[in-house]
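Right, one structure below, let's go through it.
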Amino acid sequence: MKKMIRNYVNQPVVKKDAASLLSGQPVYTDDLASSSCLIVKLLRSPHAFAKIRSVDISKAMLVPGVEAVFTYKDVPQKRFTLAGQTYPEPSPYDRLILDQWVRFVGDPAAIVAGRDEECVNKALKLIKVDYEILEPILDFEQSLDHPILIHPEDNYVGHEGQGTDAKRNLCASMVHEEGDLESAFAECEYVIDETYHTKAVNQAMMEPFATFTSMDIYGRVKITSSTQIPFHVRRIVAHALDISKSKVRVVKPRIGGGFGAKQTAVCEIYPAFVTYMTKKPAKLVYTRQECFISGSPRHEMEMKVRLGADKEGKIKVIDLHTLSNTGAYGEHGPTTVGLSGTKSISLYRKLDAFKFSYDVVYTNQMSAGAYRGYGATQGIFAIESAVNELAHKMNLDPIALREMNMVREGDRLTNYYGEVTNACALDQCVSHVKEMIGWDEKYPYRKVGKNKVRAVGMAMSMQGSGISNIDVGSAQLRLNDDGFYTLLLGCSDMGTGCDTILSQMAADCLECDMDQIVVRGVDTDQAPYDSGSYASSTTYVTGMAVVKACQKMKERILDAGSNVLQCPREDVSFDGKRVYSIKEESLSMTLADLVTNLQAGADDVLAAQASHHSPVSPPPFMAGAAEVEIDLETGKVTPIEYVATVDCGTVVNTNLARVQTEGGLVQGIGMALYEDISYTEKGKLRNLNFMQYKIPTRLDMGKVRVDFRSSYEPTGPFGAKSIGEVVINTPGPAIADAVYNGTGVRIRTLPITAEKVFMGMKK
């Protein structure tokens with residue numbers, strides 16, 4: 001795509017909805033719900049694994065105001081997945097709306113709907129469930145081929161090509177390799193053979209899961225929900241209710257954060273079912289505790305890494321096996337795990353051989369799902385930690401080792417679908433991060449007090465830009481009277497500012513002011529189809545759809561101008577404000593006048609629509625470096641500074657890109673140092689709220705500095721690639737190596753706690 005004029009792209013444009021959000025306008029799901037909605041709540045299982053013998057709802061139904069109570073006997077027996085993924089869906093169909101089997105503490109056992117919270121809460125206490133309590137599997141290392149089956153049902157549906165076998169507690173399995181692995185290891189002077197472990201962590205978005213539903217005048221279920229996947233929600237709900245998709249409409253208002261949690265249809269199905277059965281409006285808003293006990297956290301993974309290099313430091317071979325814990329259900333199980341290898345091994349160029357294999361297993365814990373980084377975060381922690389260990393084993397500077405081996409522009413990516421890097425400024429990112437952190441002066445550590453040291457560590461990261469050959473982005477433009485445009489989008493702005501970014505692109509393509517672009521949020525009845533806002537797809541995939549739609553619109557404007565001005569098409573030009581003849585100055589008309597003319601019967605109203613998918617998924621790259629202070633008496637690790645340099649192609653909005661990067665880094669710091677979803681021996685979640693589940697505040701993250709090194713991606717809009725996910729991946733391995741540099745203690749299981757560091761130093 002040729003380079004275009006940039007009045008707005010690559011500028012620090014303020015978000016379109018900034019004023020409304022700052023002034024507290026009612027824009028979120030719960031703000032918009034009708035006061036007449038039935039309140040929906042879920043009775044949740046207190047057991048990690050059980051079979052329901054019977055449910056007595058008689059007393060609950062006598063509570064004044066209670067409208068309905070539903071159990072597993074009332075729901076369709078058609079299994080489905082809650083994962084918001086494009087067809088063909090890889091995740092197994094292993095759920096019912098309510099099941100006779102409950103598979104984790106918090107799994108719904110009944111649905112109650114009533115006129116207010118008081119009556120619903122009272123009814124929940126009066127439901128009597130007789131459970132046959134079963135022995136659970138809580139350790140994912142023990143699940144594969146365990147005699148206890150978590151999904152013994154006969155109507156379980158696994159999809160072809162995923163390696164699924166419910167009779168082995170196996171959600172997915174795969175092996176991919178190139179070259180002669182053992183021969184390559186035999187030629188290595190240095191070999192690292194270690195196991196790394198990342199725990200499940202929660203997205204902790206500010207707005208909880210929330211949905212309200214109603215029946216429209218045509219007898220259709222209308223769903224208004226805080227979701228990243230409106231079109232997938234339509235499909236999931238229709239499938240679960242066993243009705244036509246034409247009977248479901250989904251509207252997405254503003255979202256108060258998602259970070260992947262809302263790529264799973266966590267709560268939509270329950271109020272939708274209530275509305276479908278009662279024909280009355282219904283609302284379900286999760287409490288914060290429910291978000292923790294029955295959300296969609298990151299997959300816990302254990303990664304065994306073998307990595308070898310010759311005596312000069314050339315990395316020759318990588319062997320990675322990932323064991324992933326999908327929890328009770330398989331949402332995103334077959335897909336997240338793949339990124340642990342594709343986005344980590346591919347950082348290193350010209351390997352002689354590699355092997356990537358994985359197993360994804362069921363356990364009796366809350367089901368995992370999508371979280372920013374989507375498996376790459378876990379894999380990059382393992383591979384980048386192993387590379388740091390290799391550097392220390394060779395007595396090499398970790399940056400020098402990477403400079404010898406990192407992927408560069410024009411390289412074929414080792415384990416990344418055979419793609420070649422068209423745009424890669426990773427080498428510039430690494431050298432700039434080295435300068436930003438003052439690496440040469442600070443590496444490996446400095447003593448800053450009697451019992452304190454400050455140390456540095458670094459890591460690299462890559463991600464993708466949408467899912468190649470699968471994700472679809474769409475945009476529709478309408479030219480209105482007075483010459484302004486309506487831009488209809490099917491992607492979900494979840495606080496990232498994609499409505500603003502796509503408006504910037506449209507304004508530059510159409511050579512108009514951004515105020516002339518009015519964005520409409522997602523309504524599946526009106527918006528063009530879009531896969532959704534996940535996999536870092538919006539800027540790259542939907543952005544190209546916007547560019548294509550604008551190009552079509554300009555052609556339509558020129559065609560219409562030629563007819564109205566009555567001059568040859570090849571003589572007509574358009575400058576964003578007027579249509580005119582390049583040969584006769586008197587033949588000119590403003591865009592507003594052209595629209596008025598067309599609306600008076602001369603022609604039809606101008607509109608243009610375009611969709612886009614990409615056969616490639618060009619990776620963004622970044623490098624990050626951490627400086628931490630370690631108290632040698634207690635083991636406490638305190639972040640001092642984190643610096644990062646990102647290559648996301650052309651930066652579309654410099655303000656939003658910086659905020660995206662800072663936010664992702666802080667989430668990565670939280671995963672590295674503070675966050676850890678943990679369970680009791682009976683499978684009950686220990687950290688149910690923000691008092692027990694610690695995320696970094698402004699006081700816990702240290703100083704964060706961000707910069708960019710731009711490349712130009714020829715397949716992206718204005719040369720852009722994605723940025724949303726790549727930024728979360730480096731803090732884990734960077735901080736782990738900084739701790740090693742300062743103490744000699746190597747932490748291979750996140751989070752890096754004071755206790756682990758202290759006990760390591762004592763050894």
Side-chain angles (χ1 to χ4, degrees), residues 48-51 79-85 88-96 99-104 107 134-177 195-200 264 296-305 319-342 344 355-371 374-376 378-379 382 415 677 679 683:
F49 197 23
K51 186 176 183 180
R79 294 203 174 264
F80 58 91
T81 177
L82 294 179
Q85 297 173 305
E89 292 172 285
S91 296
Y93 287 2
D94 54 9
R95 277 190 184 266
L96 296 173
D99 202 328
Q100 189 174 7
W101 300 79
V102 284
R103 296 179 173 87
F104 68 95
D107 208 0
L134 306 171
E135 182 183 348
I137 302 173
L138 299 174
D139 183 349
F140 76 125
E141 294 182 20
Q142 304 299 319
S143 179
L144 187 62
D145 295 322
H146 198 287
I148 296 171
L149 291 185
I150 294 174
H151 282 277
E153 63 268 19
D154 293 332
N155 57 350
Y156 177 101
V157 180
H159 298 298
E160 187 176 351
Q162 303 301 329
T164 304
D165 188 348
K167 303 304 180 187
R168 300 181 62 203
N169 288 327
L170 190 62
C171 175
S173 183
M174 188 277 290
V175 178
H176 180 215
E177 57 187 318
T195 299
Y196 304 89
H197 188 180
T198 58
K199 299 291 195 71
T264 301
S296 182
R298 189 185 295 283
H299 289 74
E300 179 182 15
M301 293 187 188
E302 180 186 82
M303 291 144 289
K304 298 181 185 297
V305 178
D319 179 10
L320 169 64
H321 177 75
T322 301
L323 178 67
S324 178
N325 179 7
T326 192
Y329 301 98
E331 285 96 25
H332 303 278
T335 45
T336 49
V337 69
L339 274 66
S340 71
T342 57
S344 57
K355 180 181 179 182
F356 172 47
S357 58
Y358 61 73
D359 293 309
V360 183
V361 295
Y362 287 106
T363 62
N364 292 112
Q365 295 176 352
M366 165 180 35
S367 57
Y371 185 0
Y374 202 80
Q378 297 95 307
N415 183 32
I677 288 176
Y679 294 86

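All residue numbers refer to positions in the sequence shown, counting from 1. Since the model is a prediction, treat every value here as computed from it, not as a measurement.
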With side-chain contact (heavy atoms from CB on, under 4.5 Å) as the test, would you mind laying out the steps for Ser357 and His176 before giving the verdict?
CA-CA 6 Å; Ser357 58; His176 180 215; over 6 Å; no
Any side-chain heavy atom of Ile137 within less than 4.5 Å of one from Ile150?
yes
Identified side chain to side chain contact (heavy atoms under 4.5 Å, CB included) partner of Asn325 from the options Lys199, Glu300, His299
Glu300
Strictly below 4.0 Å, N to O, side chains only: are Arg79 and Asp99 in salt-bridge contact?
yes
For the student: nearest non-hydrogen atoms of Pro334 and Gly330, plus distance:
CD-O, 3.7 Å
Tell me, do Pro92 and Tyr156 make a side-chain contact under 4.5 Å, heavy atoms counted?
yes
Tell me the closest heavy-atom pair linking Cys171 and Thr326, and the distance in Å.
CB-CG2, 4.1 Å
Compute whether any side-chain donor of one residue and acceptor of the other, for Thr363 and Ser143, lie under 3.5 angstrom apart.
no
Write down the atom of Gln85, the atom of Ser91, and the distance for their closest heavy-atom approach.
OE1-OG, 2.7 Å
Heavy atoms, side chains only, cut-off 4.5 Å: are Phe140 and Leu138 in contact?
no
No-hydrogen, no-angle side-chain donor-acceptor test under 3.5 Å, His332 and Thr264
yes
Quick one about Ser367 and Glu331 (side-chain donor to acceptor, distance below 3.5 Å, no hydrogens or angles considered), yes or no?
yes
Quick one, Lys304 and Leu320 - any side-chain contact, counting heavy atoms below 4.5 Å?
no
Between Leu323 and Val361, is any pair of side-chain heavy atoms under 4.5 Å apart?
yes
For a side-chain contact (heavy atoms from CB on, under 4.5 Å) check, start with the C-alpha distance between Glu177 and Phe356, then their side-chain angles and the critical distance, and finish with the verdict.
CA-CA 6 Å; Glu177 57 187 318; Phe356 172 47; over 6 Å; no
Would you say the side chains of Asp359 and Ser173 form a donor-acceptor pair under 3.5 Å?
yes
Does any non-hydrogen side-chain atom of Met303 lie less than 4.5 Å from one of Gln378?
yes
Please find the pair of heavy atoms, one from Leu170 and one from Gly163, that lie closest to each other, and give the distance.
CD2-O, 3.4 Å
Quick one, Tyr374 with Thr335, criterion side-chain hydrogen bond (donor to acceptor under 3.5 Å, both in side chains). Give me CA distance, side-chain angles, the key distance, then yes/no.
CA-CA 8 Å; Tyr374 202 80; Thr335 45; 2.6 Å; yes
Euclidean distance, Glu89 CD relative to Thr81 OG1, rounded to 0.5 Å:
6.5 Å
Can we call the ring centroids of His159 and Tyr93 under 6.0 Å apart?
yes
Applying side-chain contact (heavy atoms from CB on, under 4.5 Å), run through Phe104 and Phe49 and close with a yes or a no.
CA-CA 6 Å; Phe104 68 95; Phe49 197 23; over 6 Å; no
Asp319 and Lys355: CA distance, side-chain angles, deciding distance, salt bridge (charged side-chain N to carboxylate O under 4.0 Å, His left out) verdict:
CA-CA 5 Å; Asp319 179 10; Lys355 180 181 179 182; 5.3 Å; no
Tell me yes or no: between the side chains of Asp107 and Tyr329, is some donor less than 3.5 Å from an acceptor?
yes
Can you find a heavy atom in the side chain of Asp94 that is under 4.5 Å from one in the side chain of Val157?
no
Where is the tightest heavy-atom contact between Ile148 and Pro136, given as atom of each residue plus distance?
CD1-O, 4.5 Å
Counting C-beta onward and ignoring hydrogens, is there a side-chain heavy-atom pair between Leu149 and Asn169 closer than 4.5 Å?
yes
For Thr164 against Gly158, the heavy-atom pair lying closest together
CG2-CA, 4.2 Å
No-hydrogen, no-angle side-chain donor-acceptor test under 3.5 Å, Glu302 and Thr322:
no
side-chain contact (heavy atoms from CB on, under 4.5 Å) evaluation trace for Met366 with Tyr679
CA-CA 10 Å; Met366 165 180 35; Tyr679 294 86; 3.6 Å; yes
Specify whether His151 and Tyr362 have parallel, tilted or perpendicular ring planes, treating 30° as the upper limit for parallel and 60° as the lower limit for perpendicular.
tilted
Is there a salt bridge (charged side-chain N to carboxylate O under 4.0 Å, His left out) between Glu153 and Lys167? Walk through the geometry before answering.
CA-CA 10 Å; Glu153 63 268 19; Lys167 303 304 180 187; over 6 Å; no
